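On a predicted model such as this, the values are computed, not experimentally measured, just so you know. Index from 1, following the sequence.
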Amino acid sequence: MSLGAVRSAMVCQEWQTIPIGAQGLSKEEADGFLKQAGKAARNLRLPEGSILTQVPDGLRAGQVCGVMTFKGRSVEILPKIDGTNIECRQSLIRMLSVAHELRISDGEMARLQVQKRDILELLIALFSKRLAQNMKSGLQRLYSQHEDELPQLRGALDIRRQLTRRPTAPTRLHCRFDELSENTPLNRLLKATVRRLLGITKRYDTLHTLQIILDGFKAVGESKRPLDERIIHDRSMATYANLIPLARLLLAGNWQNTTSGKVTGTSLLFPMNNLFEAYVGARAKQVLRGDIVRTQHARHHVLQNNLFRTIPDIVVESSNRPAIVDTKWKKLDPTDPVKLGVAQSDVYQMLAYGHVYSAHGATPRLILLYPHHAGLGAVEGIQRAWKITGSNIPLDVATVDISKRRSPERWKSFFDAILHSSESNN
């Protein structure tokens with residue numbers, strides 16, 4: 001896939017090179033993006049060079065997708081899957097929607113003009129449109145307790161303070177009362193997000209919408225730590241429920257500051273290993289109603305005395321036996337007809353899971369799950385069916401095509417096919 005452009009964005013896929021020069025970034029921009037990528041990698045606890053690395057002809061993207069901006073220019077990194085840039089962006093949005101519970105419908109995605117905006121501008125536009133629509137019903141208002149000295153009684157009289165402060169001339173009364181207020185944790189979170197996004201978006205239409213929204217938050221206080229706001233999940237916030245995960249996601253972006261304190265860029269980046277795992281796990285929980293689906297299930301240990309805990313990505317506990325699914329954001333190699341390029345370390349990892357779970361009386365099914373691509377043929381699902389030597393433990397290599405938009409029923413069929421295929425082979 002060739003490099004493309006979305007307004008001032010340089011668009012590439014993972015492992016592609018962003019050129020420096022007349023057809024790409026300037027030297028100053030390249031240096032700025034490299035520094036920002038290093039800071040983002042540290043914040044994401046990734047090895048140096050995981051996001052961008054310097055190569056002779058430009059900057060090479062790593063296995064992290066999303067957007068970085070620097071002085072009005074942006075670099076967008078999309079998943080390395082089959083399809084056009086627009087289709088890859090749509091797939092990334094679907095993965096984010098499921099993994100982060102953003103609840104983005106197909107209709108919303110169609111209205112956002114996916115082909116004209118990078119992923120960051122898409123999410124900002126989505127947030128502003130949702131918030132503007134929800135505010136038509138009014139901001140959340142909650143009762144909060146107030147204390148004040150008033151000429152007339154309101155609420156309850158604070159007798160102790162009245163007697164100690166105005167024992168002889170009670171011209172004013174110490175009152176305690178409840179008052180409906182828009183200064184709620186939810187509104188402070190939303191206001192902080194709007195302020196943050198006003199400094200990021202380059203789209204006039206989005207900027208205009210955010211400025212109108214901010215005017216509606218005049219009665220809402222400023223939050224020093226908006227991500228720590230304790231939001232009460234009750235009926236009063238039901239209208240805004242679909243905004244909270246999106247606000248938190250946008251506020252969690254990494255910022256790069258100059259010594260003068262001026263914001264020169266921001267990044268919203270997602271390690272694809274983690275996103276793929278979260279996406280598949282969330283889909284499994286949504287559709288496998290009869291089974292117990294656990295993600296990052298830390299239950300057993302490799303050694304005695306509880307040493308070296310095993311943490312499979314996904315464990316599906318069905319009525320027959322557990323299935324352990326380990327997701328790998330790697331491209332299988334169809335030129336290796338026997339092993340498909342599966343790493344020996346990944347097999348050893350699955351071997352440890354199989355041994356430990358069998359030792360606890362439950363012989364599992366083991367599945368290594370990779371993203372599907374056209375080089376493997378048209379059919380996703382089980383690509384190789386192996387057996388662990390000296391046991392009846394199956395180890396299957398499977399793929400899932402994340403470029404497809406599919407219904408819950410089709411997801412259910414996919415999981416049933418890979419989770420139970422080895423039973424028919426025994």
Taking the side chain as every heavy atom from C-beta outward, state whether [X] and [Y] have any atom pair closer than 4.5 Å.
| X | Y | value |
| --- | --- | --- |
| Gln211 | Leu198 | yes |
| Ser26 | Ile20 | no |
| Leu120 | Thr266 | yes |
| Arg111 | Lys129 | no |
| Ile119 | Ile93 | yes |
| Tyr240 | Met135 | yes |
| Gln63 | Asn273 | yes |
| Leu369 | Val397 | no |

To the nearest 0.5 angstrom, please state how far the [atom1] atom of [X] sits from the [atom2] atom of [Y].
| X | Y | atom1 | atom2 | value |
| --- | --- | --- | --- | --- |
| Leu210 | Asp215 | CG | CG | 11.5 Å |
| Ser74 | Arg117 | OG | CZ | 13.0 Å |
| Ile18 | Glu29 | CD1 | CD | 11.0 Å |
| Arg94 | Leu92 | CZ | CG | 10.0 Å |
| Glu149 | Leu173 | CD | CG | 9.0 Å |
| Leu249 | Leu268 | CG | CG | 5.0 Å |

- Message: Just checking Phe270 against Trp329, ring centres under 6.0 Å apart?
- Response: no
Quick test of your reading of the model: are [X] and [Y] salt-bridged, counting only N-O distances below 4.0 Å?
| X | Y | value |
| --- | --- | --- |
| Glu76 | Arg89 | yes |
| Glu108 | Arg130 | yes |
| Arg203 | Glu121 | no |
| Lys328 | Asp346 | yes |
| Arg188 | Glu222 | no |
| Lys27 | Asp31 | yes |
| Glu380 | Arg406 | yes |

Smallest separation among heavy atoms of [X] and [Y], with atom names:
| X | Y | result |
| --- | --- | --- |
| Ser50 | Val64 | O-CG2, 3.9 Å |
| Leu52 | Leu34 | O-CD2, 3.9 Å |
| Ile104 | Ser97 | N-OG, 2.9 Å |
| Phe217 | Asn187 | CE2-O, 3.6 Å |
| Ala40 | Ile51 | CB-CD1, 3.7 Å |
| Tyr279 | Ile402 | CE2-CG2, 4.0 Å |

- Query: Parallel, tilted or perpendicular for Phe414 and Trp411, by the 30°/60° rule?
  - Reply: perpendicular
Check whether any side-chain N or O of [X] sits under 3.5 Å from a backbone N or O of [Y] as a donor-acceptor pair, and report yes or no.
| X | Y | result |
| --- | --- | --- |
| His373 | Leu332 | yes |
| Arg248 | Leu227 | yes |
| Thr206 | Lys202 | no |
| Ser267 | Leu269 | no |
| Ser128 | Ile124 | yes |
| Glu14 | Lys80 | yes |
| Arg45 | Arg42 | no |
| Thr209 | Asp205 | yes |

- Task: Among Asn134, Thr239, Thr184, find the one that has a side chain to side chain donor-acceptor pair (under 3.5 Å) with Gln140.
- Result: Thr184
Side-chain H-bond candidate by donor/acceptor type, [X] with [Y], under 3.5 Å:
| X | Y | result |
| --- | --- | --- |
| Thr327 | Asp313 | yes |
| Glu229 | Ser223 | yes |
| Asp401 | Ser403 | yes |

- Query: Stepwise, does the side chain to side chain contact (heavy atoms under 4.5 Å, CB included) test hold for Leu102 with His100?
  - Reply: CA-CA 6 Å; Leu102 304 183; His100 291 272; 4.0 Å; yes
Taking everything shown except [X] itself, do over 12 heavy atoms lie less than 6.0 Å from its [atom1]?
| X | atom1 | result |
| --- | --- | --- |
| Arg410 | CZ | yes |
| Lys330 | NZ | yes |
| Glu179 | CD | yes |

- Query: Cationic tip of Arg283 within the cone over Phe415's six-membered ring, i.e. under 6.0 Å and within 45° of the normal?
  - Reply: no
- Can you check side chain to side chain contact (heavy atoms under 4.5 Å, CB included) on Arg103 and Leu246, steps first, answer last? CA-CA 9 Å; Arg103 303 176 188 175; Leu246 184 54; over 6 Å; no
- Item | Test salt bridge (Lys or Arg N to Asp or Glu O under 4.0 Å) applied to Lys71 and Glu28, step by step | CA-CA 10 Å; Lys71 292 187 175 180; Glu28 179 192 7; 2.8 Å; yes
- Task: Quick one: do Leu288 and Leu419 satisfy side chain to side chain contact (heavy atoms under 4.5 Å, CB included)? Show the steps, please.
- Result: CA-CA 11 Å; Leu288 298 179; Leu419 293 174; 3.7 Å; yes
- Query: Between Arg176 and Arg154, is a side chain to side chain contact (heavy atoms under 4.5 Å, CB included) present by the stated rule, with each step listed?
  - Reply: CA-CA 7 Å; Arg176 287 182 176 178; Arg154 181 179 180 183; over 6 Å; no
